[in-house]
Number of protein chains: 2
Amino acid sequence: MTAQAAFRALADPTRRDILMMLAHQDMTIAEVAENFDMTRAAVKKHLSVLSDGNLITVRPEGRARINTLNPQGLKQVFDWFGYFDAFWDDRLSRLRASIEKDMQ
Amino acid sequence: MTAQAAFRALADPTRRDILMMLAHQDMTIAEVAENFDMTRAAVKKHLSVLSDGNLITVRPEGRARINTLNPQGLKQVFDWFGYFDAFWDDRLSRLRASIEKDMQ
DNA sequence: TTGACATGATACCATAAGGTTTCATATATA
DNA sequence: TATATATGAAACCTTATGGTATCATGTCAA
């Protein structure tokens, strides 16, 4: 329920790279793995962590699994930043509120 | 130079809690430690990680060290989110750009 | 149905990470 | 100057984490 899983997932550079790739297009595990110098199993683990953090969703398509970027997880992290609004100024605070409202 | 250290620092819940405390007021190491059920040494380690991620700054004041929230680190993470603007819509994208500009 | 293909899952390994304990150092203050 | 205070730092322990290798399972195609 908390954003912990999302923050945890974002801590690894490989996982952040995967998210950037998925921002361009959905990909199967094998397709994602092609972009890294590590085994498919390792990539699969990263995808599981990303899934745990609600940063991606996975839908089966035949024998393949299509990984898709999920804004929910990103939103959780984005929301957390809201706590620091007071640290910035009121105007930014209002803009953030507006963005959050629309992202739901 | 990258945001890796900041993301890494944010991955731990204790460190995120520390940041929230510092958003309210600057604190010495001992003061931060009072709020957690762990040794001062452990808290000091967390503060070092936060400092590595540019999420806090530390200024000596006599024999004490005052820890202060540093928006730079938060901005690095916030900036990273910019990559996903296209994933949201144009209006949100513009709002984000506006926020980022002002946060510099 | 048989084999190739895409993924799931488990066991195992080395290193990173979060904590503690202990001792050293710097700075107020009586 | 002596002593208490606030922090720095190193050594050590346990668990989490990122990877690999290996084998099982499900699905497509001939």
Side-chain angles (χ1 to χ4, degrees), chain A residues 2-22 25-70 73 77 80, chain B residues 2-22 25-70 73 77 80:
Chain A
T2 64
Q4 175 54 30
F7 274 108
R8 199 269 232 188
L10 290 174
D12 186 272
T14 296
R15 288 193 288 265
R16 290 200 303 280
D17 284 344
I18 292 177
L19 288 181
M20 294 206 215
M21 292 177 193
L22 295 180
Q25 60 180 325
D26 293 356
M27 285 193 244
T28 64
I29 297 180
E31 284 170 344
V32 173
E34 279 172 17
N35 295 280
F36 296 95
D37 186 26
M38 65 179 76
T39 63
R40 182 187 49 69
V43 169
K44 154 68 176 162
K45 275 194 187 181
H46 281 305
L47 289 170
S48 295
V49 174
L50 286 170
S51 180
D52 289 344
N54 291 307
L55 288 160
I56 66 171
T57 54
V58 188
R59 73 169 183 280
E61 196 170 293
R63 59 188 161 186
R65 299 297 146 77
I66 314 295
N67 299 276
T68 306
L69 189 61
N70 178 11
V77 177
W80 184 83
Chain B
T2 65
Q4 175 54 29
F7 274 108
R8 198 269 229 186
L10 289 175
D12 184 272
T14 296
R15 288 193 288 264
R16 290 200 303 281
D17 284 344
I18 292 176
L19 289 181
M20 294 207 213
M21 293 177 195
L22 295 180
Q25 59 181 326
D26 293 357
M27 286 192 246
T28 64
I29 298 180
E31 284 170 343
V32 173
E34 279 173 16
N35 295 280
F36 296 96
D37 187 26
M38 65 180 74
T39 63
R40 181 188 49 70
V43 170
K44 153 68 175 163
K45 275 194 186 179
H46 281 305
L47 289 170
S48 294
V49 174
L50 287 169
S51 179
D52 288 345
N54 290 308
L55 290 161
I56 66 171
T57 55
V58 187
R59 74 169 184 281
E61 196 170 292
R63 60 187 161 187
R65 297 291 188 291
I66 312 295
N67 297 277
T68 307
L69 189 61
N70 179 10
V77 177
W80 184 82

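Letters go in sequence order (proteins before strands), and every chain restarts at 1. It should be emphasised that the depicted structure is a prediction, and the values quoted were computed from it without experimental measurement.
Closest to the side chain of A/Asp12, from the set C/dT7, C/dG18, D/dG18, is D/dG18. For B/Arg8, counting side-chain heavy atoms from C-beta on, the closest listed nucleotide (D/dG8, D/dG18, C/dG18) is C/dG18.
Rounded to whole Å, atom C1' of C/dG18 lies 12 Å from atom CD1 of B/Ile18. Here C/dA17 presents its P atom at 11 Å from CG of B/Asp52, a figure rounded to the nearest Å. Note: CG (A/Asp26) to P (C/dA6) measures 18 Å, nearest angstrom. Look at NZ on A/Lys44: it is 17 Å from P on D/dT17, rounded to the nearest Å. Note: CZ (B/Arg59) to P (D/dT7) measures 13 Å, nearest angstrom. When rounded to the nearest whole Å, the span between CG of B/Leu47 and P of C/dG19 equals 12 Å. Between the CD atom of B/Gln4 and the C1' atom of D/dT17 there is a distance of 13 Å, rounded to whole Å.
B/Thr14 OG1 to B/Asn35 CG: the interatomic distance, rounded to the nearest 0.5 Å, is 11.5 Å. The structure places NE2 of A/His46 at 4.5 Å from CG of A/Asp12, a figure rounded to the nearest 0.5 Å.
The stretch residues 27-36 of chain B touches DNA chain D through B/Thr28, B/Ile29, B/Ala30, each having a heavy atom within less than 4.0 Å of the strand.
Contact between the side-chain N/O atoms of A/His46 and the OP1/OP2 oxygens of D/dG19 is found at a separation under 4.0 Å. Note on A/Arg65: every side-chain N or O is 4.0 Å or more away from OP1 and OP2 of D/dG26. When the side-chain nitrogen and oxygen atoms of B/Arg63 are compared with OP1 and OP2 of C/dT25, none of them lie within a distance under 4.0 Å. Note on A/Arg15: every side-chain N or O is 4.0 Å or more away from OP1 and OP2 of D/dT17.
When all heavy atoms are compared, the tightest approach of A/Ala6 to A/Leu55 is O-CD1, 3.8 Å.
At least one donor-acceptor pair under 3.5 Å links the side chain of B/Arg15 to the backbone N or O of B/Ala9. Not one N or O on the side chain of A/Asn67 forms a donor-acceptor pair closer than 3.5 Å with the backbone of A/Val58. A side-chain donor-acceptor contact under 3.5 Å links B/Arg16 to the backbone of B/Leu10. Proximity of a side-chain donor or acceptor of A/Gln4 to a complementary backbone N or O of B/Ala11 within less than 3.5 Å is detected.
Between B/Ile56 and the options B/Leu22, B/Ile66, B/Thr68, a side-chain contact (heavy atoms from CB on, under 4.5 Å) holds for only B/Leu22.
For residues 43-61 of chain A, the pairs satisfying salt bridge (Lys or Arg N to Asp or Glu O under 4.0 Å) are A/Asp26-A/Arg59, A/Arg59-A/Glu61, with sequence neighbours left out.
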Name the pairs: protein N/O against N/O of nucleotides 20-23 of chain C, kept only if under 3.5 Å.
residue, atom, partner, partner atom, Å
C/dT20, OP2, B/Thr39, N, 2.8
C/dT20, OP2, B/Thr39, OG1, 2.8

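Each of A/Ala64 and A/Val49 has a nearest nucleotide on DNA chain D; the 5'-most of these lies closest to A/Val49.
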